[in-house]
Each structure stands twice: as structure tokens, then as C-alpha cells.
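Take a look at the structure set out below.
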Amino acid sequence: MERPGRLEITRETLLEIYRKMVTIRVFEERGLFEVTQRALSGSVHSSAGQEAVPTGICAHLTENDYLASTHRGHGHCIAKGVDPKLMMAELFGRTSGTNRGKGGSMHIADMSRGMLGANGVVAASVPLAVGAGLSIKTRGEDRVAIAFFGDGGANQGATHESMNLASVWRLPVIFVCENNLYAESTPVEYALSVKNVADRGAAYSMPGITVDGMDVFAVYDAAGQAVGRARAGQGPTLLECRTYRYYGHTVRDNPHTYRTVEEEQEWRARDPIKQMRLRVMEEGTLSEFELNSIDTQVEQMMDEALQFAESAEAPDLSELYTDVYVDYPLEQLRRGAGMPA
Ligand SMILES: Cc1ncc(C[n+]2csc(CCOP(=O)(O)OP(=O)(O)O)c2C)c(N)n1
Ligand SMILES: [Mg+2]
């Protein structure tokens with residue numbers, strides 16, 4: 001695994017990264033608990049354990065940059081700045097949610113934050129981000145687009161086509177593979193033709209880098225280089241982050257049927273939040289007091305998020321078709337297609 005040279009990182013950025021990692025962990029664990037307790041409808045995929053990846057990447061982004069996400073997207077949303085209160089309300093299916101309660105966990109989107117959406121279709125994020133990258137290049141804008149996908153998504157045809165086009169057109173896209181070793185219950189080595197997903201970068205003439213996705217500093221460094229290349233017009237990068245999901249594939253999955261408790265313990269021993277805490281305290285950049293106060297603030301914010309989610313109504317049946325289809329004038333569509341009115 002490559003460990004690129006350490007990039008400069010300010011105290012403010014460190015605090016922001018830590019706050020976001022803890023927010024993701026608490027959102028995932030409390031959200032998962034609530035969904036199970038209340039038997040809320042819709043599938044929920046927890047990204048607990050994988051927090052270092054979206055936070056390390058998004059620390060280099062602004063609201064103007066785009067991000068396309070997966071079915072395991074809560075961490076991507078929080079790292080990109082989506083309000084956890086609105087996200088929790090969306091999980092609860094309430095009108096106060098990001099998608100007015102009609103999207104649920106797997107379809108959270110917030111265009112005001114450049115968050116193009118979580119996605120129930122494996123690897124659909126990849127061509128979406130390439131489309132965003134094409135729009136950036138066509139308009140000559142200073143933006144980048146991130147495509148998050150899993151090790152399973154890495155084997156989808158759409159991923160290959162998208163990486164090829166992004167390379168041919170030198171688009172400002174960063175392909176971020178969260179390799180958490182399993183696609184549902186399929187181990188990565190069973191389904192992947194190469195040792196590392198990043199090895200495939202060579203096939204598309206783009207740098208392919210594998211980093212330790214449990215180490216937020218390694219992700220931050222590699223992402224800084226990739227985002228820098230994209231902003232400088234040097235084209236896409238494939239960044240593979242080796243990580244681990246702590247819970248089952250969904251709320252209803254029992255991972256102990258296909259992985260061992262020993263394996264889980266090994267990965268938990270390298271917990272990204274604990275690692276970051278130890279390192280910043282050792283280096284003296286953040287104090288234990290500062291870190292603990294962030295923990296307390298996040299817990300309080302999540303109490304409020306749960307109250308907020310509970311307090312709104314579910315959408316009325318009369319709202320069934322609103323916000324589902326674009327209100328596009330049929331006449332215009334017919335004329336565009338050369339059809340008689
Ligand atoms: C096109 C498509 N095929 C299959 C599925 C069913 N499915 C949902 S998640 C998943 C596994 C995805 O694994 P990976 O890409 O590694 O992401 P992870 O769940 O590990 O984050 C599958 C096969 C789907 N949603 N979409
Ligand atoms: Mg996976």
C-alpha cells in the first residue's frame with residue numbers, strides 16, 4: 001500500500017475531519033438502532049468503520065464540487081455537508097427530510113451541497129460523476145466530481161466505460177473505490193480479476209493508488225494529490241481505499257455467516273476514529289479535551305436530529321406523484337422529438 005508524503009493540514013481541517021467522522025459513526029449507530037427498533041421501512045446500509053474515506057476525501061472539496069454516492073451513502077452525505085437532521089428525517093420517511101420523506105436512506109440527495117444522490121443501483125454513481133465531470137469541463141468551471149463505489153461496483157460494466165471516457169476526455173473526476181472486502185456476502189478475492197482495484201487504473205491511463213482506508217491521513221494525502229491533478233486539468237485518478245464495514249450488509253444481514261469474528265476484531269482494532277485520536281494527541285495538534293467536547297456536541301446534535309425526525313409528518317397520500325416526475329411541458333418534448341402536436 002502506498003503511503004504518500006504527508007500533506008500540510010490545518011488545525012481547523014483536523015477538527016472538521018474529526019467532527020465529521022464522529023458524526024458519521026453516531027448517525028450510523030443511532031440510526032441503525034432506531035430503524036431496527038421502530039421497524040422503519042426501507043433498507044439501511046451502515047458505513048460505520050469506513051468513516052476515514054469520505055472525510056479524508058471531502059476535506060479537499062467545497063460545496064461547488066460534486067459527489068455521486070452509493071447505497072451505503074450516509075457517510076458521503078455527512079462528509080459533503082448535508083445536514084444530519086434532514087438525513088435522519090429522511091430515514092424516518094418524514095416530510096422534513098432531504099427528499100421530503102420519499103427517498104429514504106438509499107436516495108438522499110442535496111443539490112445545494114453538490115450531493116448528487118445516494119443510489120440503489122450498484123455503480124450508477126460512476127457514470128453520474130462522469131456526466132458531472134463532462135459538464136464541468138464543457139463549461140470551463142473550477143470544480144471536481146467524485147464517484148464513490150464499492151469493490152462489487154468496481155466489476156460493473158458501467159464503471160469501466162465511465163473510467164475509459166473520463167480518461168479519453170481528461171475529465172476532473174476522482175474514482176474512489178471503497179474496498180470493504182465484501183459485496184454483500186461475496187469476498188473481494190472471489191470476484192476481482194486483479195489483486196487491487198487500483199491496478200485497473202493502468203488500463204485507462206490514469207494513476208491507480210491503493211491506500212489504507214482506516215487511516216484518515218493516508219486518505220487525505222492521496223485525495224489531495226488526486227483532487228489537485230483534477231483541478232489542474234490533468235484528468236482522473238482511481239483511488240482505492242481498503243476499509244471495513246463493522247455491521248452487516250444491511251440492517252437485516254448477519255455477517256457472521258460469511259466472515260469471522262477474528263477478522264472483525266482485527267479491523268476494529270484499527271478503528272479510524274481511535275487511530276486519529278491517538279495520532280493528534282501524540283503530535284499535540286488536538287487535545288483530549290477538544291476531542292471529547294466534540295464527542296459530546298455530536299451526541300447532543302443527534303438527540304436533536306432524532307427529535308426533529310420524529311416531530312414531522314409522513315407525506316400525505318395526495319403527494320404521491322409530486323417531486324417524482326419533472327414538470328416538463330409535453331408540447332416542448334413532442335416538438336424536440338419532431339412529433340406532431
Ligand atoms: C445493478 C445492481 N446489481 C445488484 C444489486 C444488488 N446489490 C445491492 S448492494 C450489492 C453489493 C455491492 O457491493 P459493493 O459494491 O462492494 O458495496 P458495499 O455494499 O460493500 O458497500 C448488490 C449486489 C443492485 N442494487 N444493483
Ligand atoms: Mg464492498
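Because only heavy atoms are used, hydrogens play no part in the values below, and waters and symmetry mates are left out as well, while side chains stay in. Since this is a predicted model, take the numbers as computed values, not measurements. Indexing begins at 1, ligand by ligand and atom by atom, following the structure's order.
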Do any pairs count as a salt bridge (Lys or Arg N to Asp or Glu O under 4.0 Å) and have a residue in residues 126-144, sequence neighbours left out, and if so which ones? Glu141-Arg143, Asp142-Arg231

Verify the cluster assignment for Tyr182 and Tyr246: are they in a single hydrophobic cluster under the rule of side-chain heavy atoms below 4.5 Å apart? yes

Hey, what polar pairs (N/O, under 3.5 Å) does ligand 1 make with protein?
unit_1: ligand 1; atom_1: 7 (N); unit_2: Glu184; atom_2: OE2; d: 3.3
unit_1: ligand 1; atom_1: 15 (O); unit_2: Gly152; atom_2: N; d: 3.2
unit_1: ligand 1; atom_1: 15 (O); unit_2: Gly153; atom_2: N; d: 2.9
unit_1: ligand 1; atom_1: 16 (O); unit_2: Asp151; atom_2: N; d: 3.3
unit_1: ligand 1; atom_1: 16 (O); unit_2: Asp151; atom_2: OD1; d: 3.0
unit_1: ligand 1; atom_1: 16 (O); unit_2: Asp151; atom_2: OD2; d: 3.4
unit_1: ligand 1; atom_1: 16 (O); unit_2: Gly152; atom_2: N; d: 2.8
unit_1: ligand 1; atom_1: 16 (O); unit_2: Tyr182; atom_2: O; d: 3.3
unit_1: ligand 1; atom_1: 19 (O); unit_2: His71; atom_2: NE2; d: 2.7
unit_1: ligand 1; atom_1: 19 (O); unit_2: Arg72; atom_2: NH2; d: 2.8
unit_1: ligand 1; atom_1: 20 (O); unit_2: Asn180; atom_2: OD1; d: 2.9
unit_1: ligand 1; atom_1: 20 (O); unit_2: Asn180; atom_2: ND2; d: 2.9
unit_1: ligand 1; atom_1: 20 (O); unit_2: Tyr182; atom_2: O; d: 2.8
unit_1: ligand 1; atom_1: 21 (O); unit_2: Arg72; atom_2: NE; d: 2.8
unit_1: ligand 1; atom_1: 21 (O); unit_2: Asn180; atom_2: ND2; d: 3.4
unit_1: ligand 1; atom_1: 25 (N); unit_2: Gly120; atom_2: O; d: 2.8
unit_1: ligand 1; atom_1: 26 (N); unit_2: Val122; atom_2: N; d: 3.1

Over-ring placement of Arg268 relative to Tyr247, 6.0 Å and 45° cut-offs: yes

Under 3.5 Å, is there a donor-acceptor pair linking the side chains of His74 and Ser105? yes

In this structure, CE of Met115 is separated from CD1 of Ile108 (nearest 0.5 Å) by 7.5 Å

Are Glu16 and Lys20 close enough for a salt bridge, meaning some N to O gap below 4.0 Å? yes

Is Glu299 salt-bridged to Arg30, going by a charged N under 4.0 Å from an acidic O? yes

Would you say His256 and Glu264 make side-chain contact, with heavy atoms under 4.5 Å? yes

Excluding waters, which are neither shown nor counted, protein N/O/S atoms under 2.8 Å from the Mg ion (ligand 2) come to 3

Set of residues satisfying side chain to side chain donor-acceptor pair (under 3.5 Å) with respect to Arg11, sequence neighbours excluded: Glu290

